[in-house]
Amino acid sequence: MMRSLLTATRPVNDVPRVIWLLLLISLIGQCLFHYFQADLEATKKPLSSPPDSEIISLVGLSDRLTSARLTMLWLQAFDNQPGISLSLKELDYARVIEWLDVILQLDSHMQYPLLAAARFYAEVPDSGRQRQMLRFIQDKFLQQPDVRWSSMAHAVYIAKHRLGDIELARHFARLLRLHATAAHVPYWAKQMEFFVLEDMGELEAARILIGGLLDSGELDDPQQQRFLAERLQQLEQRIQSQ
């Protein structure tokens with residue numbers, strides 16, 4: 001049986017030349033692929049300017065919402081290029097902001113671009129880039145404050161705890177109080193300015209703000225009224241003890 005199998009085995013010389021040629025081409029192709037892939041891995045691709053939002057929409061078959069989501073996914077993954085993991089500090093933040101702006105043009109109610117600006121791009125340990133993102137968040141918040149209030153709340157946190165800029169944090173918190181006035185905006189967001197003022201040691205300013213809000217009659221929630229009345233009492237006690 002074994003003898004018959006060995007006899008049936010064809011010698012290497014019987015393999016058609018075309019098969020050898022195809023194998024050789026395949027081997028050369030693999031070598032070239034790995035060569036050029038290595039060359040590609042050594043090159044960092046810069047982020048280019050985005051096309052017009054209408055062009056992106058056309059590419060997405062005129063589905064603006066889907067186009068916005070896919071573009072956002074592409075942008076956030078841009079720092080992971082083939083063979084390279086870029087640090088956020090290597091990205092051109094002016095270009096990043098352009099892309100985020102185009103995505104918001106595609107879907108103005110999409111929250112994720114501003115959330116990414118605050119909790120992803122603004123987390124880079126570079127104050128210049130952080131401030132770029134915070135300015136972008138402020139500008140977009142003021143366009144639709146009752147929709148984008150959460151991004152401004154994140155901006156307060158970044159300014160206070162990442163930048164250590166308490167004055168900027170107060171500025172953002174004040175914008176929240178003055179502009180995000182819709183009923184669905186949670187009260188903790190509207191009262192962030194009071195806590196920032198306390199952290200600044202501006203107890204009298206916080207007392208005046210809380211007292212003015214209570215006297216205005218704007219609050220129709222008894223729980224909110226009670227909470228602020230207690231805060232006002234605590235502030236007055238702290239002021240008297242100074």
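Computation of the quantities below employed the complete heavy-atom set of this structure, encompassing side-chain atoms and omitting hydrogens, waters and symmetry-equivalent molecules. Residues: numbered from 1 along the sequence shown.
Residues Phe172 and Leu168 meet the side-chain proximity criterion, which asks for heavy atoms closer than 4.5 Å. Side-chain contact check for Arg170 versus Lys160: every heavy-atom pair is 4.5 Å or farther apart. For the pair Trp188 and Met192, the minimum side-chain heavy-atom distance is below 4.5 Å. When side chains are defined from C-beta on, Arg148 does not count as touching Leu142, because their heavy atoms never get closer than 4.5 Å.
Residues satisfying the side-chain contact (heavy atoms from CB on, under 4.5 Å) test with Arg162, not counting sequence neighbours, are Glu123, Gln130, Tyr157, Ile158.
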Please assess Tyr121 against Leu91 for the test side-chain contact (heavy atoms from CB on, under 4.5 Å), listing each intermediate value before the final yes or no. CA-CA 10 Å; Tyr121 294 110; Leu91 294 177; 4.2 Å; yes
Residues Leu100, Met133; criterion side-chain contact (heavy atoms from CB on, under 4.5 Å); working and verdict: CA-CA 10 Å; Leu100 292 173; Met133 282 297 157; 4.2 Å; yes
Show your working on side-chain contact (heavy atoms from CB on, under 4.5 Å) between Gln132 and Phe136 and close with a plain yes or no. CA-CA 6 Å; Gln132 273 184 285; Phe136 172 69; over 6 Å; no
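Atom-to-atom distance recorded for Ser151:OG and Arg119:CZ is 12.5 Å, nearest 0.5 angstrom. Atom CD1 of Ile137 is separated from atom OG of Ser150 by 9.5 Å, given to the nearest 0.5 angstrom. Of the inter-residue distances, the one linking Ile97 atom CD1 with Arg135 atom CZ reads 7.5 Å to the nearest 0.5 angstrom. From Leu134, atom CG reaches atom CZ of Phe141 across 13.5 Å, with rounding to the nearest 0.5 Å. Atom NZ of Lys190 is separated from atom CZ of Arg177 by 12.0 Å, given to the nearest 0.5 angstrom. Atom CD of Gln138 sits about 12.0 Å away from atom CZ of Arg131, to the nearest 0.5 Å.
Ala180 and Pro145 get closest at one heavy-atom pair: CB-O, 3.9 Å. Nearest heavy-atom pair across Arg64 and Glu54 is NH1-OE2, 3.0 Å. Shortest non-hydrogen contact noted between Leu176 and Ala189 is CD1-O, 3.6 Å.
Under a hydrophobic clustering in which Ile, Leu, Val, Met, Phe, Trp and Tyr are joined whenever their side-chain heavy atoms come within less than 4.5 Å, directly or via other members, Trp74 and Val96 fall into the same cluster. Hydrophobic clustering (ILVMFWY, side-chain heavy atoms < 4.5 Å, transitive): Leu70 and Ile55 are in distinct clusters.
Remark: side-chain polar atoms of Trp99 are not paired, donor with acceptor, to backbone N or O of Thr71 under 3.5 angstrom. A side-chain donor-acceptor contact under 3.5 Å links His184 to the backbone of Asp146.
Under the 6.0 Å distance and 45° angle rule, Arg129 counts as a cation-pi partner of Tyr93.
A donor atom on one side chain and an acceptor atom on the other are found under 3.5 Å apart for Arg95 and Ser49.
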Could you give the side-chain donor-acceptor pairs of residues 102-114 under 3.5 Å, partners two or more places apart or in another chain?
| from | atom 1 | to | atom 2 | distance (Å) |
| --- | --- | --- | --- | --- |
| Gln105 | OE1 | Ser53 | OG | 3.4 |
| Gln105 | NE2 | Asp101 | OD2 | 3.3 |
| Asp107 | OD1 | His109 | N | 3.2 |
| Asp107 | OD1 | Met110 | N | 3.4 |
| Asp107 | OD2 | Arg69 | NH1 | 3.0 |
| Gln111 | NE2 | Val147 | O | 2.8 |
| Tyr112 | OH | Gln76 | OE1 | 2.7 |
| Tyr112 | OH | Gln76 | NE2 | 3.1 |

